[in-house]
Amino acid sequence: MNPNTFIEVVLQFFVYGFIGWLWETGLYLVKEHHFVSRGFLIGPIIPIYGFGVLAVLYLLKPWVNNIVLLYISATIVVTALEFLTGYLLEKIFHTKWWNYEKVPLNLGGYVALPVSLFWGICCVLIVEFVQPQVLAWVDWAGATFGLLLPVILIAIGMFDFGFTLANLQSFRQRMEKLNATIEDRKAKLSTELGEVRTDLQQNWDDVLKDNPKLAARLSNLSFGQRHLLKSFPNMKMKNITSPTTEIKDLVEALRKK
């Protein structure tokens, strides 16, 4: 790969990863009315968007002038990428980070037909309207900074990825401890599930205050681990039975102690 192609590919990857982060974060802000930085990484980038758009741009070049074929092939490519990514992440980390089980015509919760059809439309719009503007910026950035900018971005991205991986094992262990604490407390309460949940939400501060040994045993999540918990509210982790909302309540109480 010659330097110009390397610069073009790397910068496009980070641009579309950033656009994906803006989309996910903005959508969450509109739906939930508060800001949460979305994505697996700490930085403002979601890699699957970068990989997905690059796959469409470079693998589907023969069909860019045929909107119908571009739409069909792009839908297939991004669906396959989303399924493969979700499946591998679950097998590697024993966690389903996103879940389409409530969406009609889904496959294992990894992908769903309505979502895939929407991604296909997005890909066509990107190729037709966004890509020319991105290429213009990439040409300017490449001429201005040369290899320096993509190398810096790769270094930052690799550090972020390594930081996230380093947090994952302890994240799982701490989630299991929090889950066990919540389930033990539920077992001791003789009320309906709805009342139990209200009790849990309202009284964790008092429980931790009255049980310093319990509070000491439950080390709180780190910044990176809290980011994962907030960024993936629908995650399903193996052996974790408590809803993420209840775990968040306990995490918040631990932060206050």
Side-chain angles (χ1 to χ4, degrees), residues 1-27 38-41 43-92 97-98 100 107 110-162 164-165:
M1 182 183 293
N2 64 60
N4 289 334
T5 302
F6 173 78
I7 292 171
E8 179 180 289
V9 170
V10 172
L11 292 185
Q12 286 181 108
F13 170 81
F14 279 95
V15 167
Y16 285 113
F18 176 66
I19 291 174
W21 177 85
L22 287 176
W23 164 257
E24 294 268 352
T25 301
L27 186 63
R38 300 279 286 169
F40 193 70
L41 303 179
I45 181 174
I46 301 181
I48 191 173
Y49 283 88
F51 287 120
V53 175
L54 286 181
V56 169
L57 293 175
Y58 288 94
L59 294 179
L60 306 183
K61 275 187 177 181
W63 298 285
V64 293
N65 295 320
N66 187 318
I67 291 181
V68 175
L69 289 178
L70 175 62
Y71 173 72
I72 294 173
S73 56
T75 300
I76 294 172
V77 167
V78 296
T79 301
L81 178 63
E82 187 173 29
F83 181 88
L84 182 63
T85 302
Y87 177 81
L88 290 178
L89 285 176
E90 182 174 8
K91 294 303 178 184
I92 294 171
W97 297 97
W98 62 85
Y100 293 133
L107 182 59
Y110 303 115
V111 294
L113 183 59
V115 178
S116 295
L117 295 176
F118 173 75
W119 291 139
I121 294 173
C122 291
C123 288
V124 172
L125 293 176
I126 287 172
V127 171
E128 293 293 323
F129 302 106
V130 180
Q131 178 62 5
Q133 307 304 318
V134 171
L135 272 182
W137 180 83
V138 166
D139 289 341
W140 172 83
T144 304
F145 301 104
L147 287 169
L148 179 63
L149 181 57
V151 169
I152 290 175
L153 289 174
I154 290 174
I156 294 173
M158 292 300 294
F159 176 82
D160 195 345
F161 183 70
T164 300
L165 287 181

K.L.:
To the nearest 0.5 Å, tell me how far Ile19 CD1 sits from Cys122 SG.
P.N.:
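Going from the CD1 atom of Ile19 to the SG atom of Cys122 covers 11.5 Å.
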K.L.:
Verify side chain to side chain contact (heavy atoms under 4.5 Å, CB included) between Ile152 and Phe145, making sure each step is shown before the conclusion.
P.N.:
CA-CA 11 Å; Ile152 290 175; Phe145 301 104; over 6 Å; no
K.L.:
Looking only at heavy atoms, what is the nearest atom pair of Val111 and Thr79, with distance?
P.N.:
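The pair with the smallest heavy-atom distance is CG1-O, 3.5 Å.
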K.L.:
Is it true that, when you exclude Asn65 itself, more than 12 heavy atoms of the residues, nucleotides or ligands shown sit nearer than 6.0 Å to its CG?
P.N.:
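Atom CG in Asn65 is not crowded, with 12 or fewer foreign heavy atoms closer than 6.0 Å.
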K.L.:
Do Phe6 and Leu147 pass the side chain to side chain contact (heavy atoms under 4.5 Å, CB included) test, and can you show the C-alpha distance, the side-chain angles, and the key distance before you say yes or no?
P.N.:
CA-CA 8 Å; Phe6 173 78; Leu147 287 169; 3.6 Å; yes
K.L.:
Would you name the heavy atoms of Leu70 and Trp63 that are closest together and state the gap between them?
P.N.:
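Minimum heavy-atom separation between Leu70 and Trp63: CB-O, 3.4 Å.
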K.L.:
What closest approach, in Å, do Val56 and Ala74 show between heavy atoms, and which atom pair accounts for it?
P.N.:
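The answer is CG2-CB, 4.2 Å.
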K.L.:
In Å and rounded to the nearest 0.5 Å, what is the CD1 to CD1 distance from Ile156 to Ile45?
P.N.:
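That separation rounds to 10.5 Å.
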K.L.:
What is the distance from atom CD of Glu82 to atom OH of Tyr49, rounded to the nearest 0.5 Å?
P.N.:
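It comes to 8.0 Å.
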K.L.:
So, Thr25 side chain and Leu22 main chain: donor-acceptor pair closer than 3.5 Å or not?
P.N.:
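Here the side-chain-to-backbone pair does not exist.
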K.L.:
Please tell me if the side chains of Leu88 and Lys91 come closer than 4.5 Å, counting only heavy atoms from C-beta onward.
P.N.:
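No, too far: nothing below the 4.5 Å cut-off.
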K.L.:
Is the CG atom of Leu165 crowded by more than 12 outside heavy atoms at less than 6.0 Å?
P.N.:
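It does: Leu165 CG has more than 12 such atoms within range.
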K.L.:
On a heavy-atom basis, which atom in Val10 and which in Pro150 lie closest, and how many Å separate them?
P.N.:
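Looking at all heavy atoms of both residues, the closest pair is CG1-CB, 3.5 Å.
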K.L.:
Give me each pair satisfying salt bridge (Lys or Arg N to Asp or Glu O under 4.0 Å) with a member in residues 119-142, each pair once, sequence neighbours excluded.
P.N.:
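Counting only pairs at least two positions apart or across chains, no salt bridge (Lys or Arg N to Asp or Glu O under 4.0 Å) contact touches residues 119-142.
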K.L.:
Using every non-hydrogen atom in the two residues, find where Ile48 and Trp98 come nearest and quote the distance to one decimal.
P.N.:
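Result for this residue pair: CD1-CH2, 4.4 Å.
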K.L.:
Using the salt bridge (Lys or Arg N to Asp or Glu O under 4.0 Å) criterion, which residues pair with Glu8? Sequence neighbours excluded.
P.N.:
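By the salt bridge (Lys or Arg N to Asp or Glu O under 4.0 Å) rule, Glu8 matches no residue at all.
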K.L.:
Name all residues meeting the ring pair (Phe, Tyr, Trp, His ring centres under 6.0 Å) criterion together with Phe14; count only those two or more places apart in sequence or in a different chain, and write none if there are none.
P.N.:
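Checked Phe14 against ring pair (Phe, Tyr, Trp, His ring centres under 6.0 Å); zero matches.
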K.L.:
If I compare all heavy atoms of Ala141 with all of Leu11, which pair ends up nearest, and what's the gap?
P.N.:
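Minimum heavy-atom separation between Ala141 and Leu11: CB-CD1, 3.8 Å.
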K.L.:
On the 0 to 90° scale, with breaks at 30° and 60°, tag the Trp140-Trp137 ring pair as parallel, tilted or perpendicular.
P.N.:
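The rings of Trp140 and Trp137 sit tilted, inter-plane angle from 30° to 60°.
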K.L.:
Are the side chains of Ile46 and Trp23 in contact, using a 4.5 Å heavy-atom criterion?
P.N.:
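Side chain of Trp23 against side chain of Ile46, heavy atoms only: no contact under 4.5 Å found.
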K.L.:
Short question: side chain of Tyr71, backbone of Leu117 - any donor-acceptor pair under 3.5 Å?
P.N.:
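Indeed, once roles are kept as given, a pair shorter than 3.5 Å links the two residues.
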K.L.:
Check the pair Phe161 / Leu41 against side chain to side chain contact (heavy atoms under 4.5 Å, CB included), numbers first and verdict last.
P.N.:
CA-CA 6 Å; Phe161 183 70; Leu41 303 179; 4.1 Å; yes
K.L.:
Checking Asp160 side chain against Gly43 main chain: does a donor-acceptor pair fall under 3.5 Å?
P.N.:
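It does hold such a pair.
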K.L.:
Is the number of heavy atoms from other residues, nucleotides or ligands within 6.0 Å of OH (Tyr87) greater than 12?
P.N.:
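Result for OH/Tyr87: open.
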K.L.:
Side chains of Gln12 and Val138, heavy atoms from C-beta outward: is any pair under 4.5 Å?
P.N.:
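Gln12 reaches Val138 side chain to side chain.
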K.L.:
Going through the checks in order, is the side chain to side chain contact (heavy atoms under 4.5 Å, CB included) test met by Ile126 and Tyr16?
P.N.:
CA-CA 10 Å; Ile126 287 172; Tyr16 285 113; 3.6 Å; yes
K.L.:
Measuring from Ile76:CD1 to Leu60:CG, what's the distance to the nearest 0.5 Å?
P.N.:
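Answer rounded to 0.5 Å: 9.5 Å.
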K.L.:
Quick check on the 6.0 Å ring-centre criterion: do Phe83 and Tyr110 meet it?
P.N.:
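Yes, ring centres under 6.0 Å apart.
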